[in-house]
Peer 1: 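Once you've had a glance at the structure underneath, I'll fire off some questions.
In what follows, chains carry the letters A, B, and so on, assigned in the order in which the sequence lines appear, proteins first and then strands, with residues in each chain numbered from 1. Not measured: the values here are computed from a predicted model. Any value given below was found using the heavy atoms of this structure, including those in side chains, with hydrogens, waters and symmetry copies removed.
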Amino acid sequence: MDDWKPSPLIKPFGARKKRSWYLTWKYKLTNQRALRRFCQTGAVLFLLVTVIVNIKLILDTRRAISEASEDLEPEQDYDEALGRLEPPRRRGSGPRRVLDVEVYSSRSKVYVAVDGTTVLEDEAQEQGRGIHVIVLNQATGHVMAKRVFDTYSPHEDEAMVLFLNMVAPGRVLICTVKDEGSFHLKDTAKALLRSLGSQAGPALGWRDTWAFVGRKGVLLKTDVPLSSAEEAECHWADTELNRRRRRFCSKVEGYGSVCSCKDPTPIEFSPDPLPDNKVLNVPVAVIAGNRPNYLYRMLRSLLSAQGVSPQMITVFIDGYYEEPMDVVALFGLRGIQHTPISIKNARVSQHYKASLTATFNLFPEAKFAVVLEEDLDIAVDFFSFLSQSIHLLEEDDSLYCISAWNDQGYEHTAEDPALLYRVETMPGLGWVLRKSLYKEELEPKWPTPEKLWDWDMWMRMPEQRRGRECIIPDVSRSYHFGIVGLNMNGYFHEAYFKKHKFNTVPGVQLRNVDSLKKDAYEVEVHRLLSEAEVLDHSKNPCEDSFLPDTEGHTYVAFIRMEKDDDFTTWTQLAKCLRIWDLDVRGNHRGLWRLFRKKNHFLVVGVPASPYSMKKPPSITPIFLESPPKEEGGPGAAEQT
Amino acid sequence: MSRISKNVILVVLTLTSSAFLLFQLYYYKHYLSAKNGSGLSKSKGSRIGFDGMQWRAVKKFIMLTSSQNVRVFLIDPLILELINKNFEQVKNTSHASSTSECKVFCVPRDFTTFALQYQLWKNEEGWFWIAENMGFQCLKIESKDPRLDWIDSLSGTEIPLHYICKLASHAIHLVVFHERSGNYLWHGHLRLKGHVDRKFVPFRKLQFGRYPGAFDRPELQQITVDGLDVLIPKDPVHFLEEIPHSRFIECRYKEARAFFQQYLDDNTVEAMTFQKRAKELLQLAAKTLKKLGVRFWLSSGTCLGWFRQCSIIPYSKDVDLGIFIQDYKSDIISAFQDAGLPLKHKFGKVEDSLELSFQGKDDVKLDIFFFYEETDHMWNGGTQAKTGKKFKYLFPKFTLCWTEFVDTKFRVPCETVEYIEANYDPVCCSMSSSNCCFLTCNPGCCCCC
């Protein structure tokens, strides 16, 4: 194409040298009028044709380019289209860019409607007590967060302050009280409400009704002006991670710095890989309900744990809640929603069953599954702990599970992160389940929906456990932070969970793991008992001085335990040691192991325990009587 | 003077205009060649080589996957066949292949098909992003996860089934294999959703995705073909043989749940024990027959159980399998004996209505019916052990599909409804209505004598 030669008719014009030749030609042509005319018309026609062809080509190329770019990102376009669905409707409503907010507060019912659409309605009995908070997008008016803070119970006001502080400035806030919301509403929270512009909030009294609508940063009446969508968006670099972040932040609220425009918190963590990771291909099932902020905290800690493999994680959400799904999508994980079956405890246990079945369906090659809950912090060495101990579950048939949780591992009773125990109780709260156990034993006879049983209580029953034991660490590898839940409230949490010890040291090397096998453990226990110093049984075991002020010693105490199921003295001892006393946990053949003042402290139940023979004849086992009035049943469980 | 300048202007305009036209034409050609490269390269014929679009697309794709540590393997049947044919040759010339002629990846085609195991895919989203940045236009086909179908109350994140990534004229079809219970790989049906551009690629020419498929998990090997390092199944012949018979059908979980809602599941200990034993027997039979290389399928009551309730019918007393008589091997009996299943009865002959009955553990029986093919139908013979009465079951012709049953991969007739109806429907009686005998050989069945 490059060597194209212009027609001889026109070429000479450009060649100045041949001007004379051109002139002669010209004169010749002038004389031949007809020919000249013809040439001129030809040139004009040619010009016209080129112009048309040029225009057509330009149009074609344009179309082709726009098509190509459409093909490139069809999905993105689709998403944007979805995202845009809401705002145009509002924009279309013309000059009236205000929200019409209706709020109702009473003892038995709360109700919030925005522009005539009910966004909150709660009239269920004995539920949803406290301050309901709704956050609206200031540009579109759609709901970004919905929370209840049971400020009748302790510490819930702290959670509310935390939440309100995390809401981005400019958002529309709606608060309303159901039943009671003032009992544990402390000064910090009241001051915050005042700073948000509430007048009645800080003076809220016992069982007062109260509602508040405002915009963070400004106090406004119930006609809330909307601002433009552009103002409400941040300008993050266009990466795959930020796409997820943008999708999340435009939809929900209350997650603080993850949505901050400047310097947002990372949503991808690259914890160190674990050398020789034996649990890399073990699926992780996260059991969740509708506590998205819990789930967010939980997933952050899980994804930061060394040796985690995100593609093995599945989050199972009990119910079609959007916000937990959004949290799951933010971290790029797999989320599965489950239609709730039955009610209360049975609902939880049906959710567990569906989740476990689905986990083993999704990972047919897996021999184990890690089961976690949404209200747990996961220790940095959680997978390292499992990697070092999981072979026990393969080699020792007398094991039921491996759990990251020590029921008796409180700040003052746990010490050694490298130490493991065998216990007869199933602690849950971060544990490993063997597939064969589930498929062959548990799944076929799992409690049916009409049985209102706790799945964990059911698993602890002798028919299921069949004398098998669980491996637990002395220092827990999970921390239960959930305050709201089915069987949980602030008081309960403070009494039994808040002071639990949680390992924060990375890469702990577990000591002598194989000594946890059935027979080896007996040898180990006998060795411990033989070298243990017998405590002075005349002292009051509830007094601090019962154990000498030493460090690194092993002490043993003998308590009365007539039969295998006689835990009267143990329960009283547990009570005064301020550890779990609601039912019996952490025992191994009538032996409890814990730490007191940095000394290993063994408690043997005499004569029921086979270790009773280690008792010197002179010692009389300690007997503590249960107080005459029984308070609280042992049925309370810690699960969601 | 004015006339001259007029002419001059005219000529200048014409010149620039034609120059511009040429420029445009040159660009348009460029654009066309990029768009319909295959068409042009076909017309050029001899120009197919290492600079071909196809080879470049494959090379780029392999670069992309290896940089992201994604283990894709080649499953394209045509290319695998070519590789298989030239296997020795390829091996010998692998070192010098960069200079030799491009033989495999330059045969003009619209697609090259790769596969990967989803389980081993670490960074799917990021991969997609990078692919688009490298110039691929990718289409992702997603669907709900069939592994969750059994539990009706679950709905989850969709799983990717197929990726089609186009680089100019050539497209890479990436089939995503998912692991299923029963140690096999499954790929989904390529169903286009409403908003997808139907002309993105010629979808009809795709080799995979017309139906869902099931494959044995292939072992992989690395080879160098046309200067490209690719993974292919270690036994390409076996893989190629699997392709035409890979169609997979899912159990109808929804209907099964409706069935249980109506009739309630039998949860008695006896029922569950029988189901457990029957399951073990089925798995053992499957293992034994697979070792022998004998094709078989679920028949009669077992097939009905799969079809109707996705489980073993608790009140049946045996498990039933079907085998084509042309697949009969004389060592079937001894193989079952070795597996701990002694022969209980043998009815008929190889030439006529053969039926083998093996005694499983714990009183569960395994019946194998042999099927005979006629021009327009198939049939098998049955004999009642107690009375010695003989029956002939007629079936319309059927083909075999894979399915999943009791955590194992089994074949069933693809035309299941017709098959089961022929097995159980009283219509069968009318064919020889004179001597219809209502026997209890199967629940709800009327057999023809």
Side-chain angles (χ1 to χ4, degrees), chain A residues 1 4 6 10 13-14 26 30 40 43-44 46-47 49-51 53-54 57-58 60-61 64 68 70-75 78 239-240 243-244 281 309-311 314 316 320 325 328-329 332-341 350 354-355 357-358 360-365 439-440 444 448, chain B residues 3-4 6-8 10-15 17-22 24-29 31 35 118-126 128-130 132 137-140 145 147-148 150-157 159 166 178-184 195-197 200 267 272 276 407:
Chain A
M1 287 294 165
W4 172 82
I10 323 166
F13 179 78
K26 206 191 97 184
T30 335
Q40 269 179 351
V44 168
F46 182 68
L47 204 65
V49 167
T50 50
V51 165
V53 169
N54 267 322
L57 278 177
I58 287 169
D60 270 10
T61 332
E70 262 170 31
D71 284 353
L72 252 169
E73 283 155 25
E75 277 203 316
Y78 182 65
T239 62
E240 188 259 316
R243 276 191 191 180
R244 293 204 308 240
N281 293 319
S309 46
Q311 72 271 23
T314 314
F316 293 93
Y320 287 87
M325 244 356 213
V328 173
L333 300 174
R334 173 185 19 244
I336 290 175
Q337 289 169 316
H338 176 227
T339 319
I341 302 170
Q350 290 310 304
S355 307
T357 304
F360 288 121
N361 276 354
L362 289 172
F363 300 92
E365 299 299 295
K439 281 282 165 193
E440 283 157 29
T448 44
Chain B
R3 175 160 293 167
I4 290 171
K6 219 186 202 172
N7 274 333
V8 167
L10 196 69
V11 168
V12 166
L13 273 177
T14 317
L15 256 180
S17 181
S18 45
F20 198 61
L21 182 70
L22 279 173
Q24 282 278 353
L25 269 176
Y26 179 75
Y27 251 81
Y28 195 65
K29 199 194 127 199
Y31 162 71
K35 202 182 178 189
Y118 187 64
Q119 211 72 40
L120 309 174
W121 202 357
K122 303 259 183 238
N123 181 16
E124 189 208 332
E125 260 184 272
F128 197 59
W129 175 261
I130 294 167
E132 292 201 333
Q137 299 172 38
C138 288
L139 179 74
K140 182 182 183 181
D145 196 327
R147 292 170 296 188
L148 299 177
W150 177 229
I151 317 155
D152 70 318
S153 48
L154 291 184
S155 68
T157 318
I159 50 168
K166 191 163 78 166
H178 294 267
E179 270 182 68
R180 298 284 297 252
S181 308
N183 197 24
Y184 68 98
H195 64 278
V196 173
D197 177 14
F200 182 69
N267 276 326
M272 275 157 71
K276 195 173 170 227
D407 298 328

Peer 1: Among A:Gln350, A:Arg334, A:Glu365, which has the most heavy-atom pairs under 4.5 Å with chain B?
Peer 2: A:Glu365

Peer 1: Quick check for you: among B:Ile159, B:Ile130, B:Leu13, which has the greatest number of heavy-atom pairs under 4.5 Å with chain A?
Peer 2: B:Leu13

Peer 1: To the nearest 0.5 Å, tell me how far A:Ile336 CD1 sits from B:Leu148 CG.
Peer 2: 4.5 Å

Peer 1: Just wondering, more than 12 heavy atoms not from B:Lys276 lying within 6.0 Å of its NZ?
Peer 2: no

Peer 1: Measure the spacing between CZ of B:Arg147 and OG1 of A:Thr357 and express it to the nearest 0.5 Å.
Peer 2: 14.5 Å

Peer 1: Return the option, out of B:Asn183, B:Val196, B:Asp407, with the maximum number of heavy-atom pairs under 4.5 Å with chain A.
Peer 2: B:Asn183

Peer 1: For residues A:Phe360 and B:Ser181, report the shortest heavy-atom separation together with the two atoms involved.
Peer 2: O-OG, 4.4 Å

Peer 1: In Å and rounded to the nearest 0.5 Å, what is the CZ to CG distance from B:Arg180 to A:Leu362?
Peer 2: 10.0 Å

Peer 1: If I measure from the heavy atoms of chain B, does A:Gln311 come under 4.5 Å with its side chain, its backbone, both, or neither?
Peer 2: side chain

Peer 1: Of the non-hydrogen atoms in B:Leu154 and A:Ala358, which two are nearest, and what is the gap between them?
Peer 2: CD1-CB, 3.4 Å

